[in-house]
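Below, read A as the first sequence line, B as the second, and so on, with proteins coming before strands; counting in each chain starts at 1. The analysis underlying the following values was restricted to heavy atoms, covering all of them including side chains, and did not include hydrogens, waters or symmetry mates. Fair warning: this is a prediction, and the values are worked out from it, not measured in the lab.
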Number of protein chains: 2
Amino acid sequence: MPGRTLRAPSPRDGETEQRILDAARRVFLRDGTAGTRMQEIAREAGVNQALLHYYFRSKERLSTAVFQQIAGRIFPTIAQVLTGPSSLDDKIDRLVATYLDTLAANPFIPAYIISELHHHPDRIQHALTGVMGSDPRPVMRSVLQQLGKQIDERVRAGKMRDITPQEFVINLLSLCVFPFAAKPMFEIILGMDDAAFKRFIRQRKKELPEFFRNALKP
Amino acid sequence: MPGRTLRAPSPRDGETEQRILDAARRVFLRDGTAGTRMQEIAREAGVNQALLHYYFRSKERLSTAVFQQIAGRIFPTIAQVLTGPSSLDDKIDRLVATYLDTLAANPFIPAYIISELHHHPDRIQHALTGVMGSDPRPVMRSVLQQLGKQIDERVRAGKMRDITPQEFVINLLSLCVFPFAAKPMFEIILGMDDAAFKRFIRQRKKELPEFFRNALKP
DNA sequence: GTCTATATGTTGATAGAC
DNA sequence: GTCTATCAACATATAGAC
């Protein structure tokens, strides 16, 4: 085991720290940053509350680490899919598939991130910088520029109506993410139960790309 | 002044209570339910903290009153617009116009409601019942049924592709509401500042109805 | 590294004077 | 109705034993 030094009572290296981080992610996602209690994370992790501070020093740092982890998994996906060499149609398909799958598996993420965004607007900046290793804004600018070029080609070929790359992204993300963010509302005003919502999402994976493409037809 | 009894030191009837409620709405919208401090509401209202309890008994009741007030202004709009006698096209226009105007004036509402929905899923039910005077679910069922009929007509006339009334509502609301919910994110990943976002919304009021209608063309 | 015990600061809520 | 003063409960964080 390279890089491993002899130490006393730990079962496996970094295991406890990871257990705490996992528990923290579950609790922060469920209860929100302000609503989360350190004691609840300790309980969920099966350890003592003092251990949380031993590893993460403060609630502030722990919640930052959790947000960084979650944002680091979600946001790069957008950039990766939109940057790749595939066709515009293919990018739509893949963005829809990826997002609906991810969010179906983690339905609390949208509400959590939206809430975080409003109360700690600076955290995205930090999180993205941490994930990408540098200022994310020029990267995103280049992503949008590439996307814009691809859109322009199709527009000039008469196959698509004109739309800014910004609107393209906003509309596509809105249609993917909002149903999860507003799930409890739709369950009431549209009379869906949990099973109906699952069916709705499964159906949506097939239909949404076509709906979106159709919206962009000339 | 009918119904008014003689009382001592109050400037005007209900004025203080209203001031507190207004302050509470601003603070709850800004800081979220869990993040709000009663002291902060008192400060914002220019009164003492004890007065909040005198009028509303507890933070729980005050936050419920605020949510009820906000939900009571937002949700009935959907039902009203979708139920009216106007054409489907007209309903799309009006829903987009109403929502974008309302949310542009109150950009914190989406994130607040989404957060509330997840941490107090029962409150919508209560709020809507309070607003409409009875169980909102049969009302919404009837709204959807009417909308479905209107959609069916256009589908049979070959002017529109088939879509369930539920998807119709979800897609339209997603495109209207999500940009506000995720505004801080878009400002970073799309390089928008506040002014650019305002322009984007003004533009969207013109373009979104057409985008949505186009998506539904056969 | 992990625990128990405790210090320190907030926060919602009440008592009681005016 | 409105205020000041204060309580009791809770939450974050630290000290120190093992």
Side-chain angles (χ1 to χ4, degrees), chain A residues 1 3-67 115-116 119-120 123, chain B residues 1 3-28 30-67 116 119-120 123:
Chain A
M1 273 191 176
R4 175 119 189 238
T5 46
L6 293 175
R7 259 188 279 139
S10 174
R12 250 172 288 140
D13 267 71
E15 201 239 13
T16 302
E17 186 171 356
Q18 192 57 48
R19 273 241 309 280
I20 291 175
L21 198 60
D22 288 344
R25 194 185 56 246
R26 285 195 296 276
V27 177
F28 276 119
L29 276 172
R30 200 186 56 213
D31 299 343
T33 303
T36 288
R37 303 290 161 245
M38 294 294 270
Q39 170 53 31
E40 176 65 13
I41 297 175
R43 209 187 53 77
E44 180 93 11
V47 300
N48 188 278
Q49 190 180 337
L51 219 52
L52 272 54
H53 289 91
Y54 174 81
Y55 281 106
F56 293 95
R57 256 190 86 82
S58 70
K59 179 185 174 182
E60 165 75 20
R61 282 169 185 257
L62 181 51
S63 70
T64 301
V66 165
F67 180 75
S115 176
E116 270 313 281
H119 302 125
H120 309 276
R123 277 192 179 170
Chain B
M1 275 189 173
R4 176 119 187 243
T5 47
L6 294 174
R7 259 189 277 139
S10 174
R12 251 171 290 138
D13 267 71
E15 201 238 15
T16 303
E17 185 171 353
Q18 192 58 49
R19 274 239 309 279
I20 291 175
L21 199 59
D22 288 344
R25 194 186 54 246
R26 286 194 296 276
V27 178
F28 276 120
R30 197 186 59 213
D31 299 343
T33 304
T36 288
R37 303 289 160 248
M38 294 294 271
Q39 171 54 32
E40 175 66 13
I41 296 175
R43 211 188 51 77
E44 180 92 11
V47 299
N48 187 277
Q49 189 181 340
L51 219 52
L52 272 54
H53 289 93
Y54 174 80
Y55 280 106
F56 294 94
R57 259 187 79 85
S58 70
K59 179 185 175 184
E60 164 75 19
R61 281 168 186 257
L62 182 50
S63 70
T64 302
V66 166
F67 180 75
E116 271 309 286
H119 302 124
H120 308 276
R123 276 192 180 169

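Distance, A:Arg19 CZ to C:dG1 P: 14 Å, rounded to whole Å. If you take CZ of B:Phe56 and C1' of C:dT14, they are 18 Å apart, rounded to a whole angstrom. Taking atom CD1 of A:Ile20 as the reference point, atom C1' of C:dG1 lies 10 Å away to the nearest angstrom. Across the protein-nucleic acid pair, B:Gln39 atom CD and D:dC3 atom P stand 12 Å apart, rounded to whole Å. Atom CZ of A:Arg43 is separated from atom P of D:dA11 by 13 Å (rounded to the nearest Å). The nearest whole Å value for the distance from the CD1 atom in B:Ile41 to the C1' atom in C:dA13 is 14 Å.
Candidate nucleotides D:dT2, C:dC3, C:dG1 were compared by shortest atom distance to the side chain of A:Tyr54, and C:dG1 ranks first. Distances from the side chain of A:Met38 to the nucleotides D:dT12, C:dT14, C:dG1 place D:dT12 closest. Side-chain atoms of A:Gln49 lie closest to D:dA13 of the nucleotides D:dC3, C:dC3, D:dA13. The listed nucleotides are D:dC3, D:dG1, D:dA15; the one nearest the side chain of A:Ala50 is D:dA15. Checked against C:dC3, D:dT14, C:dG1, the side chain of A:His53 finds its nearest nucleotide in D:dT14.
Between A:Leu21 and A:Tyr55, the closest side-chain pair of non-hydrogen atoms is not below 4.5 Å.
Between B:Asp22 and B:Arg25, at least one side-chain N (NZ, or NE/NH1/NH2) sits under 4.0 Å from a carboxylate O, which counts as a salt bridge.
Looking at every heavy atom in both residues, A:Leu51 comes nearest to A:Ile20 through O-CD1, 4.0 Å. The heavy-atom pair separating A:Thr36 from A:Val27 by the smallest distance is OG1-O, 3.5 Å.
Under 4.0 angstrom from either OP1 or OP2 of D:dA13 there lies no side-chain N or O belonging to A:Arg57. For the OP1/OP2 pair of D:dT2 and a distance below 4.0 Å, the side-chain nitrogens and oxygens of B:Thr16 include at least one atom meeting the criterion. Side-chain nitrogen and oxygen atoms of B:Tyr55 include at least one within less than 4.0 Å of the OP1 or OP2 phosphate oxygen of D:dT2.
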